[in-house]
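Written out below as structure tokens is the structure these notes cover.
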Amino acid sequence: MKYIIAIIQPDRLEEVMQRLEEKEIHLVTVTNVMGRGRQKGIAEVYRSHREAGTLLKKVKLEIAINDAYLKPALDAIIQGGRTGQVGDGKIFVMNLDECIRIRTGETGGPAIG
Amino acid sequence: MKYIIAIIQPDRLEEVMQRLEEKEIHLVTVTNVMGRGRQKGIAEVYRSHREAGTLLKKVKLEIAINDAYLKPALDAIIQGGRTGQVGDGKIFVMNLDECIRIRTGETGGPAIG
Amino acid sequence: MKYIIAIIQPDRLEEVMQRLEEKEIHLVTVTNVMGRGRQKGIAEVYRSHREAGTLLKKVKLEIAINDAYLKPALDAIIQGGRTGQVGDGKIFVMNLDECIRIRTGETGGPAIG
Amino acid sequence: MKTNRFWKWALAVATMAVVTGSAFAQAPSATSNTAPAVAAIAAPPVAAPAAAPAAPTPPTAKDVNSGDNAWVLISSALVLLMTVPALAFFYGGLVRRKNVLSVLMQCFILACVISIQWVLFGYSLAFGPDIKHLIGNLDWAFLKNVSIDTPHWDAVTASSYAGTIPHQSFMIFQMMFAVITPGLIIGSFAERMKFSAFLVFAILWATIVYDPVAHWVWGKNGFLGLMGALDFAGGTVVHINAGIAGLVTALVLGKRIGYPDRMSPPHNLPFAVLGAALLWVGWFGFNAGSALSAGGLATSAFVVTHVATAAAGLTWALMDWIFNKRPTLLGVISGAVGGLVAITPASGFVNVMGAIGIGVGAGILPWIFVSIIKPKLGYDDALDAFGVHGVGGTWGAIATGLWATKTINSAGADGLFYGNPAQLLIQLKAVGVTIVYSLVVSFILLKIVDLVMGLRAEPQAEKIGLDLTDHRETGYTVLD
Amino acid sequence: MKTNRFWKWALAVATMAVVTGSAFAQAPSATSNTAPAVAAIAAPPVAAPAAAPAAPTPPTAKDVNSGDNAWVLISSALVLLMTVPALAFFYGGLVRRKNVLSVLMQCFILACVISIQWVLFGYSLAFGPDIKHLIGNLDWAFLKNVSIDTPHWDAVTASSYAGTIPHQSFMIFQMMFAVITPGLIIGSFAERMKFSAFLVFAILWATIVYDPVAHWVWGKNGFLGLMGALDFAGGTVVHINAGIAGLVTALVLGKRIGYPDRMSPPHNLPFAVLGAALLWVGWFGFNAGSALSAGGLATSAFVVTHVATAAAGLTWALMDWIFNKRPTLLGVISGAVGGLVAITPASGFVNVMGAIGIGVGAGILPWIFVSIIKPKLGYDDALDAFGVHGVGGTWGAIATGLWATKTINSAGADGLFYGNPAQLLIQLKAVGVTIVYSLVVSFILLKIVDLVMGLRAEPQAEKIGLDLTDHRETGYTVLD
Amino acid sequence: MKTNRFWKWALAVATMAVVTGSAFAQAPSATSNTAPAVAAIAAPPVAAPAAAPAAPTPPTAKDVNSGDNAWVLISSALVLLMTVPALAFFYGGLVRRKNVLSVLMQCFILACVISIQWVLFGYSLAFGPDIKHLIGNLDWAFLKNVSIDTPHWDAVTASSYAGTIPHQSFMIFQMMFAVITPGLIIGSFAERMKFSAFLVFAILWATIVYDPVAHWVWGKNGFLGLMGALDFAGGTVVHINAGIAGLVTALVLGKRIGYPDRMSPPHNLPFAVLGAALLWVGWFGFNAGSALSAGGLATSAFVVTHVATAAAGLTWALMDWIFNKRPTLLGVISGAVGGLVAITPASGFVNVMGAIGIGVGAGILPWIFVSIIKPKLGYDDALDAFGVHGVGGTWGAIATGLWATKTINSAGADGLFYGNPAQLLIQLKAVGVTIVYSLVVSFILLKIVDLVMGLRAEPQAEKIGLDLTDHRETGYTVLD
Ligand SMILES: Nc1ncnc2c1ncn2[C@@H]1O[C@H](COP(=O)(O)OP(=O)(O)O)[C@@H](O)[C@H]1O
Ligand SMILES: Nc1ncnc2c1ncn2[C@@H]1O[C@H](COP(=O)(O)OP(=O)(O)O)[C@@H](O)[C@H]1O
Ligand SMILES: Nc1ncnc2c1ncn2[C@@H]1O[C@H](COP(=O)(O)OP(=O)(O)O)[C@@H](O)[C@H]1O
């Protein structure tokens, strides 16, 4: 089992979700985050005082997934999230040791979906 | 050492926190998240325009823990978080390589608690 | 590759970011979180009703990094985040299996930076 | 499916047709040309709220004083402001995020539905020609006989509700009171009452509780008014009335799930501050507008309203500081609202030092109630509608019997501190009558509505929040 | 670099010098001592908006009635309140988080820039001495001949815009209308128009569309007014005019990226409620203030405004309840605003039952338009400026021709329901003229601005949000 | 523990007893029947603020003009609105999330505490019978001799503060000025001053700085007024006074931790916009209300206030556009507030073109100060109370000496541009006196408070935020 963390542009969220859906990956957790990356932020100005503005709004997706679904999930995120411009974000994949469904107590692969 | 990520219903937070407390697990980090799962959201309607509303408010707990405490922690979360209805959420467990207490610089098991 | 999760005091964020910058670690994702730790919260009072107030505002940093940068990153966070008082927070390190840059499709070490 | 749709449309169209038709049918009788044609030379405008018996000539359009009318109109606007947005935000900021819209919705729909009730029959019940000192008759239903350009005139008592403003100005000013009173109750049952049940209850309560009580105190020949009860701007009619109804509702509905230990704090305290501040500003219309003219009485009511509020806000802050170690913002605004409530019945009868006394009491008594007594009794008056309006209103009605003085308002009376203990007794009687009536009738109405449609939201709905379950909306987006 | 800086400063200083200089130069002619020295005994103040022809003596300072003036001044303040903060928050709460400031900015800058336009020449174009029934001349530019202490007097028609208040009181009251009208259009093009293009368009539109239409209807000898068109407070001039311009803008600009399926819901619905509530309160100034005096007509306009709003809010809620299963808060406030819009032209001419009829219609027609027709047609009127103001305004203008009655306002006319079908025709003509003119000229202006500077924000800017790209600011911080 | 509790309660009860007792004791003397019984036929109401010497008859209740009184009462409500919620939200939106309540609390408690100070002795010090042109005596303490139904009359100068409204109307209007002035200072020391120290400082400052300066300029026989200084609505008394005090506080308290590089931007810019918009609306009460009547002078003050504000908002936007590439919303609202400040002293003396000149200056000068000079000097005037109020107020006071003209107000004077350079000198003197006095005394008061209780919050408290550390509350919930 794998745990995918993806940081994407906020306005790509809908697109990515749809692509995941198409690949039958329905379960996902989404968080508002701020990111500092290569993309230069737009400097904000308040009463002529410039704020560096290095942190940009991003959206984080977390998806726990069985190994068989890893490739489709990554493809979906890349297809949905790519605009080709700096700031598109990253996908991180970690090993997931265990997964439990709270409602039923199921564990492992069956619990994940 | 393990790193637990649990997605639960917002209104079960207090209950879960209390159960963890009872098992002497005091340290936890909480985040507001939105989740898409099996639970169907309630469609919102704005000027007769229906919003799909697939993302529901959830709460994410993160707990870094020594292996001995893993079982009690999982039990506490399951007991506190279970309502038996779809949407109760998931627990994910990952391996934790290292843990450092910023204040003291302690590392490993002793730093975690 | 490693995945660093650090929970720090909100008002140390700028300092930590600067220290990371100095060590040429530019990429980071930041999230608002609430934490329960050893630090006692300040009890809030509403119309004489005391709220326990165990959850305190914290900031979470996530940094994916090549192994060579792990030590400098940890140092930067500790230096920037330490005040010596309870509540300074923790750093957690996990193993990162894969990293993909959405924009280019690059993977592994080169994608991380 | 198709047929279903058809019937819905038919219903909608029929509704419109009926209203439109009736509008047309009623139209001619609702005009203003009912003023007597007698070419009487009008008496000079009288500043006192009850015209002196020495001026028995019915008023004509020439009596309308533009300054007085401007004041009452702007006061009416200020009292609407008190319901939406002021009360809505005061309460809305104090509930949890998931219920903010439900509270705003309740306030807003009241502004709609009670206004219609009022022009259809509510005003006539409350202020129309008296039936046995208990209720108005329906002569003024649909605003028949309520002139737009001549002041009201009551032939029986040879007096006017307001001798220098058009009758409809008085009507609309009073309408805003009828709107806000059921709004105050919301504070007690917030976060757990079904919207449909709320709506039915509010309409019934406005008709069966508010309208009669208003008639007793303020209507020409109402029995509490005849008895000599002093209530300048609504201590009994508005605040005790609503406060008691709130208490009953809180008891009948039961506690919110998780009360008292697992409730979140106010989700947006600045909203509550915005509401409280606008309540303060709007209350000048409520109290000083109740002079129904822009002379010295309005000035005096304005001043004492402000001073009592200031004193009460400060006192609550000090109570917090002394007993809870820190002055709190929620405390200051609660105190200020308590002060506004308490000075309301007294505002046309007391001087500045009386106002300070009333304000200090309004900072202490509700504080004790909310901080000490309520937790002991353990019922869930969610936003302290009873604790602030019921307790504060009772204190104010009694305090009027203490500090009232004829040097401020010759049409009023002296209170205990000015050598007239009888007035205190009268005030106590009026308070007692209002409490008993509101308590009993509110209870009966709640039980009826509960039987018919159920008062309380489903537990699941309460957990998810009423915004989503009752209205299919959320207050704020999370993701951008 | 240094030289660049220098020129910027030079520009700034020069601007100031020019304005300051012109201010001084113009100063003497802008004073008030232009009132005729004739020692005429002034006629008693006349409450009706158009003075009777039997009183042909030009007014003097003694005619100023303090009650009327107080009412018009506070009404002016209320109408400003309608633009900032009311309209700004009504619209601002409905857009996405990333565009909230862009909407607030548009409203705020209008309050600045149109006010200046108005004193420089706008007022003179709209209300100044008539040229061929089409436009005012420039005699009142820079407020020359606009007295601060005597009422307006038009020698040609031997009548006054407002016989009991200083001419400048009338001017500032009308200014607030000129400010809010282009503000209403914002609802149509929100979230995608470039700020610079917006600003240029707004100034042009105010000058070339608003000022003439205002003259036609309200200016002395304007052709629609002469024709007998009734528009008490701006159904054609303000709401149809802005609604149509909104429709055109929505069509010319095209849809927002992602519309209709991937738009987020309102980012802060309580803000929209705050805005709607303050619109309601402010609208009393708009409508009842249009009586330009504080007598019975103001009272009547106040009452019908309130009642129509209540009826419309309630009706929209019921429509939602019937057809969408749940009453919504956004629905109630949309209905209320629709009711305010629809009663506007009728507010000085109809009675309470007419108000209910108009309100019910204003709850149904915009509902149908917004819920059923707009989605079918598929254009992106972002916040329904056309759906609410265009449709509601048209309904109101027509309904005035149905329910108007001389029993309310003898200076008005009877409508169809009172036996005068001719009035309905006149109303339809006035509506038609306004629609055509606003449609054609708005379209031309938009095309010109598009050619010169481009109307629409870059797609990248639209995605990031206009707050950051156009103003370098964000509405709310995320991290603390 | 028990005893401790006992004493707390004893303290609370004692407080109430004392106030109640004194309220009763003072009551008789606070009534209104102190008006001379002379049955003088009252002179006709005079619109000019200072009654002409040709009307030396003391006024009676019959002189009260309902229109004027309505205007002054609603103006008083508007000026309260300026403090809460307007100023509170303007400042509250600009600070960081963790300090929002501390700012709201400061504004709210001022509305409470200064109001009490004012009725107890503040009003008497500022406006009571003169002592050596420096201060009022205590004859009007507890509002003794301040009538609710007759206008003020000063036998010495045979003139009235306001001849057509009850004395208490004038008193309450002035009270709102006394409330907001220390409120303005908050902008300078926001986010770092201890609440207790703030409270003590504010009360002292109101008494020792505000009351005397108000007396000098506005009190009968105050020396700056006698000298001929023109300050219609408070350029020196309110804005320079508060601005300078703000500068001193900023310097004495030192910078916030992390200033200037690590401060977050405004946490809720829409709140600041809400505040600014309501300030604009409320300021009509401030300036046009200062006419103390609803005639031509009120109209003129209303118009120039609006126009100057519009011009200043627009100018700041243009300055931003030229020098920072983009017009900003914070810029427009800062400019608008600057314009309101600058026109304040001039509002009863200048015409519309003067208003534009003043407005443009108010958009440029504070901009330069805030954008260029402040960063160079490096002190931390957190929300630019000095930059906007101090600088804008000084500009306005001076500009009054440039553009004032007797054609607007015959009781005023001509300025430099109207051929009277002497007036400019007088204005400069008044400005100088105010600056020096405010600077020196504010400094001494701050040092005393610092010695006694410490001015500045602990560094730890500053980091956590004052909401939690000083008030045990948070503005918004995160979870839920
Ligand atoms: N190594 C990393 N660790 C944590 N977050 C990262 C890392 N790299 C990128 N991110 C996140 O991804 C976002 C986009 O990265 P950026 O460098 O701007 O674009 P791109 O990936 O297209 O080069 C960043 O704002 C940050 O939130
Ligand atoms: N595989 C997963 N990856 C990420 N998040 C998940 C996953 N499965 C569930 N979740 C989270 O848990 C929440 C609850 O899941 P849901 O399927 O609705 O309920 P249940 O677990 O009771 O079947 C989801 O809203 C989502 O946030
Ligand atoms: N084991 C843990 N698991 C998850 N979060 C933790 C853990 N330990 C600490 N934290 C986070 O770190 C924050 C600071 O911890 P705390 O115990 O207060 O301070 P310190 O680390 O200085 O002893 C907590 O509020 C919590 O958010």
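FYI, side chains are in, hydrogens and waters are out, and symmetry mates aren't considered; it's all heavy atoms of this structure. Each chain gets a letter, A, B and so on, in the order the sequences are listed, and its residues count up from 1.
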Discussion item. For A:Met1, which atoms come within 4.5 Å of any heavy atom of chain B: side chain, backbone, both, or neither?
Written reply: neither

Interchain donor-acceptor contacts below 3.5 Å (chain A, chain B):
| from | atom 1 | to | atom 2 | distance (Å) |
| --- | --- | --- | --- | --- |
| A:Glu21 | OE1 | B:Arg36 | NH1 | 2.8 |
| A:Glu21 | OE1 | B:Arg36 | NH2 | 3.2 |
| A:Ile25 | O | B:Arg36 | NH2 | 3.3 |
| A:His26 | O | B:Arg36 | NE | 2.9 |
| A:Val28 | N | B:Arg36 | O | 3.0 |
| A:Val28 | O | B:Arg36 | N | 2.8 |
| A:Val30 | N | B:Met34 | O | 2.6 |
| A:Val30 | O | B:Met34 | N | 2.8 |
| A:Glu62 | OE1 | B:Lys60 | NZ | 2.8 |
| A:Glu62 | OE2 | B:Lys60 | NZ | 2.9 |
| A:Asp97 | N | B:Val93 | O | 2.8 |
| A:Asp97 | OD2 | B:Lys2 | NZ | 3.0 |
| A:Asp97 | OD2 | B:Asn95 | N | 3.4 |
| A:Glu98 | N | B:Val93 | O | 3.2 |
| A:Glu98 | O | B:Val93 | N | 2.8 |
| A:Ile100 | N | B:Ile91 | O | 2.8 |
| A:Ile100 | O | B:Ile91 | N | 2.7 |
| A:Ile102 | N | B:Gly89 | O | 3.0 |
| A:Ile102 | O | B:Arg82 | NE | 2.8 |
| A:Ile102 | O | B:Arg82 | NH2 | 3.3 |
| A:Arg103 | O | B:Arg82 | NE | 3.2 |
| A:Ala111 | O | B:Lys90 | NZ | 3.1 |
| A:Ile112 | O | B:Lys90 | NZ | 3.2 |
| A:Gly113 | O | B:Arg38 | NE | 3.3 |
| A:Gly113 | O | B:Arg38 | NH2 | 3.0 |

Worksheet item: Got a sec, which pairs hit ring-ring contact (aromatic ring centres under 6.0 Å, His included) with one end in residues 71-91 of chain B, sequence neighbours left out?
Response: none

Item to complete: Measure distances from A:Ile25 to the heavy atoms of chain B and classify the residue's part below 4.5 Å as side chain, backbone, both or neither.
Response: backbone

Item to complete: Among A:Ile100, A:Leu27, A:Ile112, single out the residue with the greatest number of heavy-atom pairs under 4.5 Å to chain B.
Response: A:Ile100

Worksheet entry | chain A contact via B:Ile5 - side chain, backbone, both or neither, heavy atoms under 4.5 Å | side chain

